[in-house]
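A, B, ... follow the sequence lines: proteins, then strands. Residue 1 opens every chain.
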Amino acid sequence: MAKHFSLDKEPEELLRFNIAPSQMIRAVLALPHSGTPVLRLLKWGLVPSWARDAGIGNRLINARAETMAHKPAFRSAFQQRRCIIPASHFFEWQRLPGGNRQAHCIRLKDGSPMGFAGLWEHWPTPGADDSPPGSLFSCTILTTAANELLAPLHQRMPVILPLESYDAWLNAPSAQVASLPAPWPADTMESWPVSTRVNSPLNDDPTIMEKQKNSLRRNTISDLKEGKASV
DNA sequence: CCAGACGTTGTT
DNA sequence: GTCTGG
DNA sequence: CCAGACGTTGTT
DNA sequence: GTCTGG
């Protein structure tokens with residue numbers, strides 16, 4: 001991880017398998033006067049600096065790369081505060097006819113790390129009786145059009161940056177990186193269906209990545225009532 | 001000028 | 001903070 | 001993303 | 001339906 005993301009030391013406690021929006025997530029970012037990028041914990045869900053309260057972050061978990069440069073909520077972060085979120089895999093939920101959702105796990109075929117393009121912000125936290133004023137550091141993950149592998153599952157996918165673009169994404173003037181976000185080539189990725197156990201962030205272990213076994217049991221009446229009948 | 005929004009996903 | 005709508 | 005909550009007044 | 005929390 002340190003080598004891939006040019007960090008000056010190997011991070012600790014990196015093993016997470018199921019990170020939900022609103023949770024803390026590690027991101028690589030460039031700080032002024034810092035030679036090498038640093039790894040920081042950010043709250044997933046960007047809270048703009050002007051927000052009245054932090055609740056808006058619950059909805060700003062993604063930003064469309066096509067419009068990030070112009071949207072008031074993301075514009076300054078795009079210009080000044082871009083980051084890269086390391087990931088070994090991610091999940092997408094496929095809407096099935098009937099309304100059920102099938103979760104899928106996606107990763108690179110060769111298992112190498114992905115770097116999601118992101119933006120980060122700082123929001124001044126109001127002081128309270130038991131806590132002094134401070135800053136909330138948060139982030140959002142950029143999305144782009146789904147590639148051919150992901151298209152059957154979902155219309156959008158996270159922006160995955162090629163290794164050779166990391167430095168530019170973190171350090172170059174924004175005008176030079178606006179067109180970097182693009183769908184990752186589908187032929188280097190793979191996906192497989194996984195259990196609904198992934199739906200709970202409490203299940204944060206490697207078993208949520210296991211391929212879902214085909215269900216050979218007969219449909220039950222309750223399955224039919226709940227629209228869970230297999231085809 | 002002031003007031004109010006500021007976003008994505010997906011579903012209808 | 002900055003933009004849009006009235 | 002998904003899961004789960006979501007509200008006040010007044011009456012028992 | 002919409003918002004909040006994880």
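- Backbone-only contact: A/T143 has heavy atoms under 4.0 Å from sugar-phosphate atoms and none from a base.
- With C1' as the reference atom, B/dA3 and D/dG7 are 29 Å apart, rounded to whole Å.
- Taking atom CE of A/M157 as the reference point, atom C1' of D/dC1 lies 16 Å away to the nearest angstrom.
- The separation of B/dA5 from D/dC6, taken at their C1' atoms, amounts to 24 Å, rounded to a whole angstrom.
- For the pairing with A/E121, the side chain to side chain donor-acceptor pair (under 3.5 Å) check across A/S138, A/S135, A/S49, A/S76 returns one residue only, A/S76.
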* To do: For DNA chain D, produce a single dot-bracket line, 5' to 3'. Pairs: Watson-Crick or G-U wobble, both distances under 3.5 Å. Symbols: ( ) within strand, [ ] crossing, | other strand, . unpaired.
  => ||||||......

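- Listed by chain and residue number, nothing satisfies the ring-ring contact (aromatic ring centres under 6.0 Å, His included) test with A/F78 (two or more places apart in sequence, or in another chain).
- Across the P atoms, D/dT9 and B/dC2 are found 36 Å apart, a figure rounded to whole Å.
- Comparing the P positions of B/dT12 and E/dT2 gives a spacing of 12 Å, expressed to the nearest Å.
- Within the 4.0 angstrom heavy-atom criterion, only backbone atoms of the sugar-phosphate kind lie near A/A63; the bases stay farther away.
- At least one side-chain nitrogen or oxygen of A/R64 sits closer than 4.0 Å to the OP1 or OP2 atom of B/dT9.
- Of all non-hydrogen atoms in A/I56 and A/P48, the two that sit nearest each other are CG2-CD, 3.6 Å.
- Taken residue by residue, residues 40-61 of chain A places heavy atoms nearer than 4.0 Å to DNA chain B at A/W50, A/R59, A/L60.
- The salt bridge (Lys or Arg N to Asp or Glu O under 4.0 Å) pairs that include a residue from residues 17-43 of chain A number zero, where partners must be two or more places apart or lie in different chains.
- Looking at residues 67-75 of chain A, you'll see A/P72, A/R75 sit with a heavy atom under 4.0 Å from some atom of DNA chain C.
- Between A/E121 atom CD and B/dC6 atom P there is a gap of 17 Å when expressed in whole angstrom units.
- Between A/I19 atom CD1 and D/dC2 atom P the separation is 17 Å, expressed in whole Å.
- Listed by first then second residue, pairs satisfying salt bridge (Lys or Arg N to Asp or Glu O under 4.0 Å) with a partner in residues 153-182 of chain A read A/E66-A/R156, not counting sequence neighbours.
- If you take CZ of A/F78 and P of B/dT8, they are 14 Å apart, rounded to a whole angstrom.
- B/dT8 atom P lies 16 Å from atom CD of A/E92, rounded to whole Å.
- The phosphate of D/dC2 has OP1 or OP2 within less than 4.0 Å of a side-chain N or O from A/R101.
- Counting to the nearest Å, the C1' atom of B/dT9 and the CZ atom of A/F90 are 15 Å from each other.
- For the P atom pair drawn from E/dC3 and D/dG10, the interatomic distance equals 28 Å after rounding to whole Å.
- Legend: ring pair (Phe, Tyr, Trp, His ring centres under 6.0 Å) pairs involving residues 94-125 of chain A, not counting sequence neighbours, sorted by first then second residue: A/F90-A/F116.
- Under the ring-ring contact (aromatic ring centres under 6.0 Å, His included) criterion, A/H89 pairs with A/F91, not counting sequence neighbours.
- Applying the ring pair (Phe, Tyr, Trp, His ring centres under 6.0 Å) test to pairs two or more places apart or on separate chains, those with a residue in residues 156-202 of chain A are A/H4-A/Y166, A/F5-A/Y166.
- In this structure, A/P86 and A/L39 approach most closely via the heavy-atom pair CG-CD1, 4.3 Å.
- Mapping heavy-atom proximity under 4.0 Å, the span of DNA chain C touched by chain A runs 5' to 3' from C/dG1 to C/dC3.
- Residues from residues 189-205 of chain A placing a heavy atom under 4.0 Å of any atom in DNA chain B do not occur.
- Each salt bridge (Lys or Arg N to Asp or Glu O under 4.0 Å) pair with one or both residues in residues 170-193 of chain A, not counting sequence neighbours, appears once here: A/R107-A/E190.
- Checking side-chain atoms of A/T140 against main-chain N and O of A/L60 turns up a donor-acceptor pair under 3.5 Å.
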